[in-house]
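All chains are named by letter (A, B, ...) in the order of the sequence lines, taking the proteins before the strands, and each is independently numbered beginning at 1.
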Amino acid sequence: MPDTPGKNAIEVRGVRKVFGTGEAQVAALDTVSVSIRENEFFTLLGPSGCGKTTLLRLIAGFDFPSEGEILLYGSDIAPLPPFKRPVNTVFQSYALFPHMTVAENIGFGLEMLGKPRAEIDARVAEMLKLVRMEKLAKRRTSQISGGQQQRVALARALAPQPKVLLLDEPLSALDYKLRKEMQIELKRLQHETGITFIFVTHDQEEALTMSDRIAVMSSGKILQVGSAREIYDRPAVRFVADFIGETNFLDASIDSIDGGKAKVTLKSGATISATVADGFKPDGDATVVIRPEHAKAVKGTGDISGVVENVVYFGTDTHVHVRLDDGETFTVRQQNTRGAMMEFERGERVGIVIGDDAAQILKD
Amino acid sequence: MATAAEIEKQAEAREVRNRWFLSAPALIIILLAASGPLLIVLFYSFLTPGPYGDVVWKFSTEGWVSVFLERDIFDDTLSFASAHLTIFWRSLKLALMATVATLVFGFPTAYFIATRPERTRDIWLFLITIPFWTNLLIRTFAVLQVIRNEGLINTALINLGIIDQPIQMLYTDFAIMVGMVYVYLPLMVLPLYASMEKLDFRLVEAGYDLYATRWQVLKRIIFPLVRPGVVAGSILVFIPAIGAYVTPSVLGGGKNMMFANLIELQFGQGRNWPLGAALSITVMAIVMVALLVYVRNTSGSEVRHG
């Protein structure tokens, strides 16, 4: 699904955003270009300060780009004020109007668009039903819980039927269980409304489970855009591999490269094969990344070896932290199955077998 | 052994005692400095004026009668005291206009300060309070220098060739208005700022996001949320404005009297202290009623500042 080319809802072209002047200038966004397709659940993922919220605010119209253009279905919206853009936002703090009821909040956008009362009422009722808040329509927003406020914020942003819905870390204020519920709820709403969602989060798990495509951002740049699977399995750069999921990094030297495959020698002397990321220019040394679940700990010798430092039980799987002979740490994740289970103890010497296709060489 | 209920009762009693103890200084000051003198004024309003001012200790309702009615000095007939009403009406009108004007000028000012970076806000607030450093009389004379016939504005306009004759601004209602707006503006700006500072500007962004234009955001979001500040500022300006004395006497001249000047007249040249006292109580009662109506109508259950 992610790779079927469709119409682009949003196209960001060479956008730069600089805050401050002179010496104190900070580029919050450094020449970012990205296309977001119609009807997709697109996530901007990155640590705080990476520019993801800045990009969202530029699309919403709260800030204006220093350079570049932002196209909404082909027309440049960058110079338009927010109230002239058919784009709505779900704010991190929800930003519900405290002097209005739930229903008044939801109807506000339609009212401002000058819709007739009857249409507003019908649409508000429809929205209340969509987010399952019918019973609380007359309540003030201060009299409902955080999860309910979240639903009202969603309904309020969806009511005017925006072309694109922007969500600025909307789940970060909710507790774990409610967050899980809202993740499913958001997916359902996106599916039912068919509206393009642009979702900002720093939570990689949230990004992986919800998104059609993810853009990983760092220091004002987009490092990689792809489906959850692509981002996780084929990270383009070291930052992406490190930020998404857990990863082991090993220093190695490249022996030979043949197409997308390379033979590398690890510090331990073991030679393994590794996939080479696109655009990699070999210069002898390289960092090899291996996901913890793609390696296996064995009693005896493997490609590399070390001493078990810690064994952490997670229910579905067990993490074995190994101190390698060269001093590096390496984590192996084994799935827990009933019966045949390899048990390791702290201090035990183990070998680590790196499976074919498990290792990758990345640009730093 | 004391039961839990008894302990709770004791704690409550202690709480009540503490509350009285803490509010005692304020209560004593209010009793001595406000309620006491007010009672004396009320008492004086029912006495007979003395020949050289002051009062004679003899009960009389003449003071109160004279508030509303005029006794003809020749045939003792009573007629409606229209002069008092004219002066009261002018006071009310000017005070209301000054309140509205300070709101119109103060609102953008307060909004401007509230939207500055936190570090510079204090500087702006400081600038707003600078006029308080100077005596009211001196500030009023400064306004006089600006608007009198040979003043700054008229001289400039004549020199620029825009007018031939100076515009008469001094000794008009306009002059009083200008003076009051200048003097009372900080009293409007400060409570407005206090309200706006608490305003969550993300709500303003949310308003823009939901297709509200700037004017609609102001009307539907900012204004309702800062209404407590508007109410407080209006009261703070309206009360001293309706009782203004210095401003109308310096800028309004003898003709454009306001209520406070009328009261002063009774205690001075008029030598009619009971009438002055009755007029004072009357204006106080009217202001109180007006404020009660205003507060009830503006700070309904709808406003819940969070």
Side-chain angles (χ1 to χ4, degrees), chain A residues 19-20 24 53 56-57 59-64 80-101 104-115 120 139-143 149 152-162 164-168 170, chain B residues 103 107-108 110-112 114-121 191-192 194-234 294-306:
Chain A
F19 288 112
T53 296
L56 201 75
R57 290 176 61 83
I59 298 172
F62 303 135
D63 287 314
F64 299 94
L80 295 181
F83 51 86
K84 289 197 177 145
R85 302 181 185 207
V87 167
N88 290 129
T89 309
V90 177
F91 294 85
Q92 186 171 10
S93 56
Y94 313 143
L96 297 178
F97 303 127
H99 56 300
M100 299 182 197
T101 63
E104 283 166 351
N105 262 282
I106 298 174
F108 188 82
L110 295 163
E111 207 182 312
M112 292 300 111
L113 286 170
K115 300 278 186 223
I120 296 174
R139 289 275 190 95
R140 294 210 165 269
T141 55
S142 53
Q143 297 167 327
Q149 290 183 15
V152 176
L154 264 166
R156 186 180 69 173
L158 284 170
Q161 289 171 300
V164 175
L165 186 74
L166 309 174
L167 303 106
D168 185 9
Chain B
L103 183 61
F107 200 91
Y111 189 85
F112 172 82
T115 48
R116 288 314 95 193
E118 217 154 310
R119 279 175 300 111
T120 50
R121 278 184 217 162
L192 270 180
S195 257
M196 280 185 196
E197 195 208 8
K198 279 185 277 175
L199 180 69
D200 183 354
F201 280 90
R202 286 172 296 194
L203 296 177
V204 174
E205 282 191 348
Y208 287 139
D209 189 62
L210 292 162
Y211 313 108
T213 58
R214 287 173 187 89
W215 171 245
Q216 284 167 325
V217 164
L218 182 70
K219 203 177 84 181
R220 296 290 308 274
I221 294 163
I222 300 175
F223 206 76
L225 289 174
V226 301
R227 207 152 66 172
V230 175
V231 172
S234 303
Y294 177 65
V295 170
R296 182 160 300 175
N297 285 342
T298 49
S299 55
S301 59
E302 210 188 313
V303 178
R304 286 251 302 245
H305 202 77

Item to check | Region of A:Leu96 that comes under 4.5 Å of a non-hydrogen atom in chain B | outcome: backbone

Checklist outcome for this item: The side-chain contact (heavy atoms from CB on, under 4.5 Å) partner of B:Tyr211 among A:Glu111, A:Arg85, A:Met112, A:Lys84 is A:Met112

Checklist entry - If we only count heavy atoms from C-beta on, is the A:Phe108 to B:Ile221 side-chain gap below 4.5 Å? => result yes

Checklist entry - So which part of A:Phe91 gets closer than 4.5 Å to some heavy atom of chain B, the side chain, the backbone, both or neither? => result side chain

Checklist outcome for this item: Highest number of heavy-atom pairs under 4.5 Å with chain B among A:Ala153, A:Ala60, A:Ala157, A:Gly109 belongs to A:Gly109

Item to check | Over all atoms of both residues, closest heavy-atom pair of B:Ala206 and A:Ala95 | outcome: CB-O, 3.8 Å

Next on the checklist: Looking at every heavy atom in both B:Arg220 and A:His99, which two are closest together, and how far apart are they?
Outcome noted: O-NE2, 2.7 Å

Checklist entry - If you look at every heavy atom in B:Asp209 and A:Val87, which pair is closest and at what distance? => result OD1-O, 3.5 Å

Checklist entry - Between CE of A:Met100 and CG of B:Leu203, what distance do you get to the nearest 0.5 Å? => result 9.0 Å

Checklist entry - Based on non-hydrogen pairs under 4.5 Å, which of A:Pro86, A:Pro162, A:Pro81, A:Gly61 is most in contact with chain B? => result A:Pro86

Item to check | Gap between atom CZ of A:Phe97 and atom CG of B:Leu225 - 0.5 Å precision | outcome: 9.0 Å

Checklist entry - Where is the tightest heavy-atom contact between A:Phe62 and B:Glu205, given as atom of each residue plus distance? => result CE2-O, 3.3 Å

Item to check | Side chain proximity check, B:Arg202 to A:Gln92, heavy atoms < 4.5 angstrom | outcome: no

